[in-house]
Amino acid sequence: MDNYLLKCDNVCYVYHTLQGEIPAIDHLSFAVRQGEFVSIVGPSGCGKSTLLNLLTGLLRPEQGSIVRCDERRNNADFYGYMLQQDQLFEWYTIWENVTLGLRINHNLTDEKRQYIEALLEKYQLLSFKDNKPSSLSGGMRQRAALIRTLAMEPELLILDEPFSALDYQSRLSVADDIGQIIRQENKTAILVTHDIGEAISLSSRVLILSKRPAHLIKEVSLPFRERNLSPLAIRHQKDFSDYFNLIWKELNDSHVSYTSQKANDLHA
Amino acid sequence: MTLMFHILHKKPMTYMLKSCDTDTDSISPRQLEFLKKELHTKRTIATLRILLLLAFLLLWELTSKYGMIDSFFFSSPSKVFASFLFSIKEKQLFMHVSISLLETLVSFLLIMLFSLLTASVLWRFDMISKILEPLLVLLNSLPKSALAPLIIVWLGTGIKTIVVCGISVAIFGCIINLYTAFLSVDPEKQKLITILGGKKRHIFTMVILPSNLGTIVSNMKVNIGLALVGVMIGEFLAAKRGLGYLIIYSSQVFELDLLILCIVILCIIAVILYQTIHFVEKKICA
């Protein structure tokens, strides 16, 4: 593969419980190249969170391998992880929140300070630096959470349904915001979501996963990101709905074929 | 107007700021009426409280004076007050009060210190907490006053015994409360620290402790009261000094004025201790 940042090769993962084994991921292979924005969609409970925990090293694959282009950097440096909720700590100010990672690693140099201040200024949060998170709106909180992630200067951003806690209205605008910031900062990103529209409007490639145990059903490359449009504008493109239907059909078919197969099994 | 805000709200500053946005003079007549009504209600409640207390004292005084209740058994406010003046001179009342107070404060501090430490260790080492769980449940549900005679036999009849009695009443419950609170902290917040490269100690100092500050303070409120209970139990059984000793002594010699005086002082101590922690809580949360 050419200049990939991350490569998953035949990854399998099984949960072990007292009741038995639950296969979560089944021979999954894909790669992410520098500068790409890859979305992973799949039915709920298909093992997306498991996949993210595997990628970031919180879990270890039972089989197969996950290779990073730069093995020298440790996990905390390489990945920038955005969680489902912004998880800003109420007991810290915005500044203390966005510098959390650097403070943990005792890495808050003057250079980093300037970089973070520049980010805060660029995304209209500098004047809220000394405020507590509770005084920020939902969108501002998400931006602060993103800056906390960017402060670590990660190679690869991982977004775990970062907008799922927001209402529909702010969800669109925050996704637009975050999408543009990621593009401006020229970061590589993996987005996990069950919102097909969100996946299409943000990414350059969509990976469709099956029900559990998750394996790759289809990969769809999207042309929109090259057109240099904002995620909101992408939603108004003519071929947006074509891609939407394509992905929706794939997701549904896999569900139907899975259940009909199960029915066949029962008959036999 | 400013004065009214100060009286009405416990956090005058924030309300002042909010009202500044809309210019204080431009408060509508209806709003003013509302504020006046609120103020009136507050004053009425305060006045009625004081009147209730006075009425109770007056009733007590008069019924005992005119023989409707036996003043030997039920005493009276004036006799309690006389006993107060007498005890200061003749019975070293302040010495007894300060001994009890000291024992309570020492027990309280040790309860908080030990239970914070133990809860932290239990949180840090999963295996230890799993092994010790039945023991903690057992010790928590045991009536602690049953331990007091044993403690006296082991440690004698000094301040040490009383303090240990005070600790024993509250510590196991406090450990369990804090440990449970530590466990219920949002796992996603802990995951965030791990993702950012933090270790268990970072999770503890940056998430577990700050997010549980409220729980710790509310446990302090409960424990200061429990420490006082424990100290009283200890003093009943084994002390030569302290309010608990004075209560037992006065009941044995039928000095019921002194007994009631001691109970009144205990009430006052309990309120002062509780309010002190309440004050600290407000300082922390502000």
Side-chain angles (χ1 to χ4, degrees), chain A residues 49-50 52-59 73-93 96-108 112 132-135 141 144-154 156-162 164-165, chain B residues 9-11 13-22 116 119-120 123-124 126-127 130 133 178 181-220 280-286:
Chain A
S49 299
T50 311
L52 292 189
N53 286 339
L54 285 167
L55 291 180
T56 50
L58 293 173
L59 296 175
R73 298 185 66 171
N74 64 28
N75 276 332
D77 278 354
F78 186 80
Y79 296 106
Y81 203 133
M82 257 183 103
L83 297 159
Q84 293 193 4
Q85 262 96 32
D86 53 55
Q87 301 297 359
L88 296 172
F89 295 166
E90 283 307 326
W91 47 90
Y92 288 150
T93 62
E96 287 168 328
N97 265 299
V98 295
T99 56
L100 192 65
L102 295 170
R103 287 192 291 132
I104 288 174
N105 297 300
H106 304 289
N107 202 9
L108 191 58
K112 302 263 186 191
K132 291 279 162 73
S134 54
S135 59
R141 292 177 68 109
L146 181 62
I147 291 172
R148 180 183 61 202
T149 312
L150 292 175
M152 303 285 282
E153 297 180 72
L156 179 61
L157 284 172
I158 290 186
L159 315 173
D160 183 4
E161 302 193 27
S164 59
Chain B
H9 302 293
K10 297 204 166 167
K11 280 189 221 159
M13 277 315 287
T14 49
Y15 280 89
M16 294 289 291
L17 286 177
K18 268 185 193 167
S19 67
C20 279
D21 294 342
T22 52
L116 266 175
S120 312
W123 175 83
R124 175 65 184 80
D126 211 30
M127 270 310 263
K130 277 183 184 147
E133 198 198 335
L178 290 180
F182 286 178
L183 283 190
S184 60
V185 171
D186 185 0
E188 289 287 297
K189 288 196 164 55
Q190 305 181 40
K191 187 175 164 188
L192 176 71
I193 299 281
T194 316
I195 289 162
L196 292 171
K199 303 276 182 298
K200 272 251 181 186
R201 75 188 141 92
H202 294 112
I203 296 179
F204 190 73
T205 53
M206 291 174 150
V207 180
I208 304 288
L209 270 188
S211 66
N212 278 305
L213 218 55
T215 318
I216 293 172
V217 175
S218 65
N219 266 290
M220 285 166 82
V280 173
E281 181 184 25
K282 281 198 160 178
K283 281 272 155 183
I284 290 174
C285 296

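Letters A, B, ... are given to chains in the order of the sequence lines, protein chains preceding strands, and every chain is numbered from 1. It should be emphasised that the depicted structure is a prediction, and the values quoted were computed from it without experimental measurement.
- Atom CD of B:Glu188 has more than 12 heavy atoms from other residues, nucleotides or ligands within 6.0 Å.
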Q: Apply side chain to side chain contact (heavy atoms under 4.5 Å, CB included) to the pair B:Asp186 and A:Gln85, showing each step before the final yes or no.
A: CA-CA 11 Å; B:Asp186 185 0; A:Gln85 262 96 32; 5.6 Å; no

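- Using a 4.5 Å cut-off on side-chain heavy atoms (C-beta onward), B:Val207 and A:Trp91 make contact.
- Between chain B and the residues A:Arg103, A:Arg148, A:Glu96, the most heavy-atom pairs under 4.5 angstrom are made by A:Arg148.
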Q: Evaluate the criterion side chain to side chain contact (heavy atoms under 4.5 Å, CB included) for residue pair A:Ile158 and B:Ile195; output intermediate values, then yes/no.
A: CA-CA 11 Å; A:Ile158 290 186; B:Ile195 289 162; over 6 Å; no

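- Note that CG of B:Leu192 and CG of A:Leu100 are 6.0 Å apart. Values are rounded to the nearest 0.5 Å.
- Just one residue in the list B:Gln190, B:Lys189, B:Lys191 forms a side chain to side chain contact (heavy atoms under 4.5 Å, CB included) with A:Gln87, and that residue is B:Lys189.
- Only the side chain of B:Thr194 comes within less than 4.5 Å of a heavy atom of chain A; its backbone N, CA, C and O stay farther away.
- Here OG1 of A:Thr149 is found 7.5 Å from CG of B:Leu196. Values are rounded to the nearest 0.5 Å.
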Q: Apply the test side chain to side chain contact (heavy atoms under 4.5 Å, CB included) to residues A:Ile104 and B:Ile193: give CA-CA distance (whole Å), side-chain angles for both, the deciding distance (0.1 Å), then the verdict.
A: CA-CA 8 Å; A:Ile104 288 174; B:Ile193 299 281; 3.9 Å; yes

